[in-house]
Amino acid sequence: MASVMFHSLLFICFSYRSLSTGAGPSPAPKGPPGSPNPGLKGPGPSSDPSSVYKSFLECLPTQSPQPDPSFPSIVYSSTTNSSAYAKTLQDHIKNRRYNVTSTPKPVIIVTPSKESHVQAVVLCAKKLGIQIKIRSGGHDYEAVSYVSSEKSFMLLDMFNFRTVDVNIPAETAVVQVGAQLGDLYYRIWEKSKVHGFPAGACPTVGAGGHISGAGYGTMIRKYGLTVDHVIDAKIVDVNGKVLDRKAMGEDLFWAIRGAGGSSFCVILSFTVKLVTVPNVTTVFRIEKTVEQNAVDTILKWQSIMPTIDHDLFIRVLLQPKKTTVRATFMSLFLGDSNRLLGLMSKTFPELGLKKEDCFEGSWIQSALYWANFDFHKSKPEILLERHSDIVKFLKRKSDYVQTPIPKAGLTAIMNKLMEIGEVGLVFNPYGGKMSEVPANATPMPHRAGNLYKIQYSLNWEETDPKATENNLNHGKTMFEFMTNYVSKNPRGAFINYRDFDIGVNSGDGFNSGKVYGEKYFKGNFDRLVKVKTTVDPDNFFRNEQSIPTQTKKA
C-alpha cells in the first residue's frame with residue numbers, strides 16, 4: 001500500500017522533505033512597504049546588521065524583567081555570528097521562492113527560550129523602531145513571518161517554544177507556538193489512545209500559525225476548526241506584558257483565534273480542548289479519471305457531503321495527467337469499515353468503495369496515513385521529526401464554493417486543468433459542525449453556506465526565474481477561470497493559505513487593509529480593526545497582510 005498511496009499523499013502534504021537553497025527569482029513581497037510606525041520613539045530603524053546587533057544587545061538587559069546573562073547566545077546577525085544566523089534563518093524556510101540570494105533578510109534574528117526574552121525583545125524593537133517578524137516554524141506560503149517589504153526588520157524565531165503539555169483528566173493540552181502539529185499528535189497519543197485534536201494533516205505545520213489562523217483538518221466536519229477548541233492563550237502584548245485570556249480580555253482573545261496573532265501580539269502558547277476519537281478509524285483513497293466518470297462522481301460528492309454523517313470526511317484532489325485529469329478521493333472516517341461501507345452503499349454508491357479499499361487503524365495511525373507515511377510500518381515517533389520537508393517552489397490560493405458547480409462547469413474545469421497542465425485543485429468539504437458555528441464566533445467567517453473550500457496548488461523545482469513567472473501566471477489564470485463558480489461580494493479567501501495576489505498593505509493602512517481583510521474575514525473585519533486600534537494603536541505589530549488600525553478622523 002505504501003508505494004501506491006505515496007504519490008497522492010505528496011500532493012496533500014505538499015511534499016516538503018529536505019532543505020534546499022538553490023537559485024531563483026527575487027521573492028520580495030509585492031507592493032510598497034507597510035506603513036512605518038509613527039508612534040515609535042527612538043533613532044529609527046537601521047539596516048546595518050552590526051549596528052542593530054550591538055544596539056539590541058545593549059538594550060535587552062535594560063528591558064528584561066530580571067538579569068539574564070543568556071542574551072548574547074540568542075541574538076544573531078549576518079556579520080557577527082554569520083554561520084548561526086544562516087542556519088537559524090534557513091532551518092524553517094519551506095518555500096524556495098523565499099530562499100534565494102535576493103530575498104530580503106532580517107538584520108538580526110533572536111531565538112528566545114523563555115517568556116522574559118520575548119518581553120525584552122518586544123520592548124527593544126519598539127525602542128529601536130524596528131519592525132518585528134514572528135516565526136513559529138510552519139509552512140507560511142508567502143513568508144510573512146520572515147521576509148519583509150520594509151527596509152529593515154528583525155526576526156523573532158519562536159522555535160524553542162515547542163513544549164506540549166497534555167492533561168488527559170482535564171482533556172486539555174498547552175501547546176507552545178514553536179511546536180509542530182506532529183509534536184501535538186504524538187504527545188496526545190503518548191497518554192491516550194482515545195483522544196485526538198482536529199488540526200492539519202501535515203505534521204510539520206507550526207502550531208502557532210496554524211491555530212491562530214483558524215486551522216482545520218480531517219475532523220472538520222465532526223469538530224469544526226482547530227481554533228474552535230482554544231480555551232486559553234498566553235501572549236506578550238505591545239507593552240511587553242505577559243497576559244492570559246482573563247488579563248487580555250475577550251476581544252483580544254477572540255481576535256487571535258483566527259485572524260493571525262502577529263497583528264496584535266506575540267503568542268507564547270495556546271491551551272486547547274482535546275476531542276474524543278474512536279478506537280478504530282478507517283481511511284481510503286480511490287482514483288477516477290475523467291474517462292472513469294470522475295465528473296459524475298464529483299457531482300454526487302457535492303450533493304451528499306454537506307449533510308452526510310459528520311464522522312466522514314472525503315477530500316477530492318484534481319491533478320492534470322497529460323491527456324486527462326485524475327480525481328483522488330481521500331477519506332477519514334471516525335469508525336470501522338463495516339459502518340463506513342454501509343453508509344457509502346446508501347449515500348455514495350457512485351464512488352464504488354469496496355472492503356479491500358479500506359484500511360482500519362487507530363486515530364494516530366490515520367494521522368500517519370494522512371501525513372504520507374505507511375502506518376503499518378511507521379512508528380508514531382516519526383511525527384516528532386522537525387526537518388523532514390522537501391522544499392519546493394510553491395504557490396497557493398483559495399476559494400469557497402457556495403452553489404453546486406453543474407456538470408458542464410465541472411467538465412469545463414477539467415478541461416482547463418488539462419489545458420494549463422500545472423495547477424492542482426483540492427476540494428475540502430464543509431457541512432457538519434461547520435454549519436452549526438456562527439460566522440462571528442471567531443474571526444474566520446467562512447462556515448455555514450459554504451459547500452467546500454478550494455485550494456489551488458502549484459509546486460515546481462526549476463530554479464529558472466522564468467519557471468516561477470510561468471507557474472504564478474498559471475495559478476492566476478486558473479483562479480480567474482473559476483470566478484463564476486465561487487463565492488462573490490466578497491470573493492472569500494482562507495487566511496492560512498496566504499495569498500498576496502488578493503491585496504497587500506500599500507502604506508495607507510485601513511484602505512488597502514480592507515481589500516484583503518474583507519476577503520479573509522468578511523463582516524468580522526471591522527471588529528478586528530477595532531481590537532487592533534485598541535491594543536496596538538501605533539501599529540507596531542504589522543506585516544504585508546496584517547489587520548490595520550482605524551483611520552483617524554480629522
Side-chain angles (χ1 to χ4, degrees), residues 1-18 139 164 166 168 173 179-205 207 210 215-223 226 274-287 311-317 328-341 343-344 351 353-390 426 428:
M1 183 188 76
S3 61
V4 177
M5 79 173 182
F6 186 76
H7 179 76
S8 183
L9 289 183
L10 274 177
F11 190 80
I12 296 171
C13 218
F14 309 125
S15 167
Y16 306 154
R17 280 259 185 254
S18 77
H139 292 170
V164 177
V166 175
I168 292 301
Q180 295 185 338
L181 296 186
D183 298 320
L184 174 58
Y185 297 160
Y186 179 82
R187 297 305 172 195
I188 295 172
W189 171 82
E190 269 188 321
K191 294 190 175 182
S192 172
K193 305 305 180 275
V194 292
H195 286 86
F197 190 66
C202 302
T204 54
V205 168
H210 185 75
Y216 77 100
T218 56
M219 294 194 285
I220 185 174
R221 302 188 67 258
K222 178 74 170 183
Y223 291 116
T226 303
L274 306 182
V275 301
T276 56
V277 293
N279 286 310
V280 178
T281 67
T282 306
V283 295
F284 70 77
R285 65 184 285 277
I286 291 178
E287 296 178 358
D311 288 337
L312 181 62
F313 175 87
I314 303 177
R315 170 181 281 174
V316 180
L317 303 90
T328 303
F329 297 81
M330 291 282 308
S331 178
L332 170 68
F333 180 65
L334 298 172
D336 62 37
S337 59
N338 287 333
R339 184 160 75 91
L340 173 61
L341 288 165
L343 173 65
M344 294 292 282
L351 189 60
L353 182 68
K354 301 180 179 64
K355 181 74 171 181
E356 54 266 32
D357 298 319
C358 301
F359 296 91
E360 293 182 335
S362 63
W363 176 76
I364 198 69
Q365 286 179 305
S366 75
L368 290 168
Y369 179 90
W370 276 84
N372 201 22
F373 300 115
D374 182 347
F375 68 68
H376 294 297
K377 298 179 181 179
S378 301
K379 295 182 178 180
E381 284 76 10
I382 201 169
L383 295 172
L384 299 175
E385 290 188 6
R386 305 284 287 184
H387 300 289
S388 58
D389 293 343
I390 295 176
V426 185
N428 293 284

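Owing to the predicted nature of the structure, the values given are computational and were not obtained by experimental measurement.
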> When rounded to the nearest 0.5 angstrom, what distance separates OH in Tyr186 from NZ in Lys379?
Replying inline: 10.0 Å

> Do Leu184 and Leu383 have side chains that get closer than 4.5 Å, going by heavy atoms?
Replying inline: no

> Distance-only, no hydrogens or angles: does the Ser378 side chain make a donor-acceptor pair with backbone N or O of Asp374 under 3.5 Å?
Replying inline: yes

>> Please enumerate all residues that pass salt bridge (Lys or Arg N to Asp or Glu O under 4.0 Å) together with Arg187, with sequence neighbours excluded.
In response: Glu190

>> Using 0.5 Å steps for rounding, measure from the CH2 atom of Trp363 to the OG1 atom of Thr276.
In response: 12.0 Å

> What is the minimum heavy-atom distance between Tyr216 and Arg315, and which atoms define it?
Replying inline: OH-NH2, 3.4 Å

> To the nearest 0.5 Å, what is the distance between CD1 (Ile188) and CG (Leu274)?
Replying inline: 5.0 Å

> Quick one: does Ser331's side chain have a donor or acceptor within less than 3.5 Å of a partner on Val283's backbone?
Replying inline: no

> Rounded to the nearest 0.5 Å, how far does CD of Glu385 lie from CD1 of Ile382?
Replying inline: 4.5 Å

> Judged by atom type as modelled, is there a donor-acceptor pair below 3.5 Å linking the side chain of Tyr223 to the main-chain atoms of Phe197?
Replying inline: no

> Could you give the distance from CD (Gln365) to NZ (Lys193), rounded to the nearest 0.5 Å?
Replying inline: 11.0 Å

> Does the Thr328 side chain pair with the main chain of Glu287, one donor and one acceptor, at a distance under 3.5 Å?
Replying inline: no

> With a 4.5 Å limit on heavy-atom distance, are the side chains of Leu334 and Phe313 in contact?
Replying inline: no

> Quick check: does any side chain N or O of His210 sit under 3.5 Å from a backbone N or O of Leu181, one acting as donor and the other as acceptor?
Replying inline: no

> Less than 4.5 Å apart, any side-chain heavy atom of Leu384 and any of Asp183?
Replying inline: yes

>> Check whether Trp189 forms a cation-pi arrangement with Lys191 (NZ or CZ under 6.0 Å from the six-membered ring centre, at most 45° off the ring normal).
In response: no

>> Side chains of Leu353 and Leu340, heavy atoms from C-beta outward: is any pair under 4.5 Å?
In response: yes

>> Restricting to salt bridge (Lys or Arg N to Asp or Glu O under 4.0 Å), what partner residues turn up for Asp357, sequence neighbours left out?
In response: none

>> To the nearest 0.5 Å, what is the distance between CE on Met219 and OG1 on Thr281?
In response: 9.5 Å

> If every non-hydrogen atom of Val166 is compared with every non-hydrogen atom of Ala173, which pair is closest and at what distance?
Replying inline: CG2-CB, 4.1 Å

> Looking at Cys358 and Ser337, what are the two nearest heavy atoms and their distance?
Replying inline: CB-CB, 3.9 Å

> Taking all atoms of both residues into account, what is the closest heavy-atom pair of Pro198 and Thr226, and its distance?
Replying inline: O-OG1, 2.7 Å

> Does the side chain of Phe333 reach to within under 4.5 Å of the side chain of Leu341, using non-hydrogen atoms?
Replying inline: no

> Do Phe284 and Ile314 come within less than 4.5 Å of each other through their side chains, counting heavy atoms only?
Replying inline: yes

>> Quick check: closest heavy atoms across Ile364 and Tyr185, and the distance to 0.1 Å?
In response: CD1-O, 3.6 Å

>> Before you tell me yes or no, could you show the steps for Lys222 and Val275 under side-chain contact (heavy atoms from CB on, under 4.5 Å), namely the whole-Å CA-CA distance, both residues' side-chain angles and the distance that decides it to 0.1 Å?
In response: CA-CA 10 Å; Lys222 178 74 170 183; Val275 301; over 6 Å; no

>> Are the side chains of Pro203 and Gln180 in contact, using a 4.5 Å heavy-atom criterion?
In response: no

> Heavy-atom distance under 4.5 Å between the side chains of Met344 and Leu312, does that happen here?
Replying inline: yes

> Do other residues, nucleotides or ligands put more than 12 heavy atoms under 6.0 Å from Lys354 NZ?
Replying inline: no

